[in-house]
> 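This is the structure I want to talk about, given as structure tokens.
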2 protein chains.
Amino acid sequence: MGKQEDINELFKSSESDVYGEGLTPKQKRILEAAIQMFSEKGYSSSSTSEIAKRAEVAEGTIFRHYKTKKELLLAIVTPVMSNLLAPFIIRDLDKVLKKNYKSYEDFLIAIVKNRQEFIEKHISIVKILIQEIPFHDELRSQFIDRIGKEVYTRLEAIVSHFQAKGELVEMPTQTAIRLTASSIGGFLFARYILLPEHDWNDEEELKHTIHFIMNGMKAR
Amino acid sequence: MGKQEDINELFKSSESDVYGEGLTPKQKRILEAAIQMFSEKGYSSSSTSEIAKRAEVAEGTIFRHYKTKKELLLAIVTPVMSNLLAPFIIRDLDKVLKKNYKSYEDFLIAIVKNRQEFIEKHISIVKILIQEIPFHDELRSQFIDRIGKEVYTRLEAIVSHFQAKGELVEMPTQTAIRLTASSIGGFLFARYILLPEHDWNDEEELKHTIHFIMNGMKAR
DNA sequence: AACTAAAGTGAGTAATCACTCATTTTTTAT
DNA sequence: ATAAAAAATGAGTGATTACTCACTTTAGTT
């Protein structure tokens, strides 16, 4: 059904390659098994002993690589958190906007298609992230401080940019961002979490969704 | 901060008054403690022993009233699930629509204000419901079969009604419902879950949100 | 007051939990 | 080939888990 996670690509090394460059085969199996279990049963209903069993590895091996169970969770979830919203964190955003996107609509289409690919590829981990964020302070503060605020700042700039061009109606940028994000987030949520088995026409739905946003906020 | 749950009102009796009419004082304290803990730490990270401690009750008392821990969860969550979407399940919907709401906009304003009150009152339990639905088959199937489908049918009728009046642009009703629900759900999510501490101007936000929906889907 | 049913108790149960560590196996460097 | 380092093991740890049960207390009825 869903595509397999590409463990190698996502977990290569956290920041630079200061940390070890590769993963042990068994370490990979541990991550795969943990991702499976966490997304199926939730973090705290998943026992390390069953993760070990699924990975066909001794339980001790898990704790050789990850000091605690929570560290294992963070190792899984942190890289997607960083990459999920990465496209929003760009230098010289203003130049990029002027060059690449002549309308808010173009910008939205590009960003959604791009993020949809990513989500599709890492849907299990995205699920875990969404599920566990409310219960782990480290996760929440990491998300809000490091990612959320930065992304929000960029989005503010983008919306202001197109408002100044007279393309979007004047309303608090905060509200504009919320409405845009809700519409797109609502689509992705319905598409991948609520009714993933439904027979979706992605192209068509995306078109409707973005037209809806544009009409809803169009300056007239 | 948040308002207290009104245990008495919500848990009076499941269906008719066939079941016992009231709750023991200790039973009430158990429910209050469990709601608190489940919403703070999640269902499976909450132990029955700590629930008992918070309720100042012997652990055995919990199991006198609820055979299992999961039965306790269902006792908490089922009544809000029923009441949350109850206003959508109305007989003679068409008459109600024609009499009470002359536009889709009026309908939306009424329904959102009504549901916002309910969510505000029972926000902890709504959180629990959202958190636990993915992990409990009984919950999910109950929600989809008994509530979801019925509500969806009504919404379909409502959207068709206003499309026929020429008020809404022609698009698949499914898509129209999704877009409407995303916009409103996005507001409620931001308002009560993502940034509950933010200084919200509810009236203003609601106005923007509904204008956004109306413009986005207006027939022109 | 006497009887009954329901409510409440808390010590006890087996199972499971995350995690440790002494030891063995495998990989790497020389 | 040999030594050193890293990876892997699995039996064992005390703590905690959901749940039971024989028993006591409370509430309601006559």
Side-chain angles (χ1 to χ4, degrees), chain A residues 7-8 11 13 17-38 40-77 128 132 135-136 138-139, chain B residues 7-8 11-13 17-38 40-77 128 132 135-136 138:
Chain A
I7 300 286
N8 273 325
F11 295 88
S13 59
D17 46 8
V18 177
Y19 275 67
E21 75 271 52
L23 297 171
T24 306
K26 303 220 170 189
Q27 201 172 353
K28 242 193 289 183
R29 295 227 304 277
I30 290 170
L31 287 172
E32 282 166 352
I35 289 168
Q36 233 186 69
M37 287 213 55
F38 288 166
E40 277 171 19
K41 318 175 45 172
Y43 169 74
S44 65
S45 298
S46 305
S47 68
T48 49
S49 80
E50 205 187 331
I51 291 171
K53 217 172 279 169
R54 279 214 204 175
E56 290 178 288
V57 144
E59 200 174 347
T61 308
I62 294 176
F63 292 96
R64 170 114 344 232
H65 295 286
Y66 308 97
K67 266 177 284 185
T68 63
K69 187 186 164 194
K70 178 167 272 184
E71 200 176 85
L72 172 61
L73 172 69
L74 294 178
I76 287 171
V77 136
I128 298 171
E132 298 303 332
F135 302 128
H136 306 272
E138 325 85 334
L139 267 187
Chain B
I7 300 287
N8 274 323
F11 294 87
K12 253 179 187 168
S13 59
D17 46 7
V18 177
Y19 274 67
E21 75 270 51
L23 296 171
T24 306
K26 304 220 170 186
Q27 202 173 352
K28 242 193 288 184
R29 295 227 302 278
I30 290 170
L31 287 172
E32 283 166 351
I35 289 168
Q36 233 186 71
M37 287 213 55
F38 287 167
E40 278 170 19
K41 316 174 50 173
Y43 169 74
S44 67
S45 299
S46 305
S47 69
T48 50
S49 79
E50 204 188 333
I51 292 171
K53 217 173 278 169
R54 279 215 205 176
E56 290 178 285
V57 145
E59 200 175 349
T61 309
I62 294 177
F63 292 96
R64 167 109 353 226
H65 295 287
Y66 309 98
K67 268 176 283 188
T68 63
K69 187 186 164 194
K70 179 168 270 185
E71 200 176 88
L72 173 60
L73 171 69
L74 294 178
I76 287 170
V77 136
I128 298 171
E132 299 303 331
F135 302 128
H136 306 271
E138 324 84 333

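By convention in this document, chain letters (A, B, ...) are assigned in the order of the sequence lines, proteins followed by strands, and residues within each chain are numbered from 1.
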> Which pairs, with at least one residue in residues 51-72 of chain A and sequence neighbours excluded, count as a ring-ring contact (aromatic ring centres under 6.0 Å, His included)?
none
> Tell me, please, which residues at least two apart from B:K41 pass salt bridge (charged side-chain N to carboxylate O under 4.0 Å, His left out).
B:E50
> Restricting to side chain to side chain donor-acceptor pair (under 3.5 Å), what partner residues turn up for A:S49, sequence neighbours left out?
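Scan of A:S49 (side chain to side chain donor-acceptor pair (under 3.5 Å), adjacent residues dropped) gives A:S47.
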> Can you list the residues that meet the side chain to side chain donor-acceptor pair (under 3.5 Å) rule with B:E71, with sequence neighbours excluded?
none
> Under 3.5 Å, is there a donor-acceptor pair between the side chain of B:K26 and the main chain of B:A58?
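No; zero donor-acceptor contacts below 3.5 Å.
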> Could you give me the CA-CA distance, side-chain angles and deciding distance for B:V77 and B:E132, then say whether side chain to side chain contact (heavy atoms under 4.5 Å, CB included) is met?
CA-CA 9 Å; B:V77 136; B:E132 299 303 331; over 6 Å; no
> What pairs of nitrogen or oxygen atoms, one from the protein and one from nucleotides 4-9 of chain C, lie under 3.5 Å apart?
from, atom 1, to, atom 2, distance (Å)
C:dG8, OP2, B:H65, NE2, 2.7
C:dG8, O3', B:K26, NZ, 3.3
C:dG8, N7, B:R64, NE, 3.1
C:dG8, O6, B:R64, NH2, 3.3
C:dT9, OP1, B:K26, NZ, 2.7
C:dT9, OP2, B:A58, N, 3.1
C:dT9, OP2, B:T61, OG1, 2.6

> Once ring-ring contact (aromatic ring centres under 6.0 Å, His included) is applied, do any residues pair with B:H136, and if so which ones, sequence neighbours excluded?
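Testing B:H136 for ring-ring contact (aromatic ring centres under 6.0 Å, His included), a comparison that skips the adjacent residues, returns B:Y43.
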> Could you list by number each residue of residues 41-54 of chain A showing a heavy-atom separation from DNA chain D of less than 4.0 Å, or answer none if no residue does?
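The answer is none.
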> Hey, where on DNA chain D does chain B first and last touch, going 5' to 3'? Cut-off is any atom under 4.0 Å from a heavy atom.
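Here the contact window of chain B covers D:dT17 to D:dA22.
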> Could you list the residues that satisfy salt bridge (charged side-chain N to carboxylate O under 4.0 Å, His left out) with A:K70, not counting sequence neighbours?
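Result, salt bridge (charged side-chain N to carboxylate O under 4.0 Å, His left out) vs A:K70: A:E138.
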> If the condition is side chain to side chain donor-acceptor pair (under 3.5 Å), which residues does A:S44 pass it with, not counting sequence neighbours?
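Once residues adjacent in sequence are excluded, the partners of A:S44 under the side chain to side chain donor-acceptor pair (under 3.5 Å) criterion are B:S44, B:S45.
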> Mind jotting down which residue pairs meet the salt bridge (charged side-chain N to carboxylate O under 4.0 Å, His left out) criterion with at least one end in residues 55-66 of chain B? Sequence neighbours excluded, please.
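Those involving residues 55-66 of chain B do not exist here.
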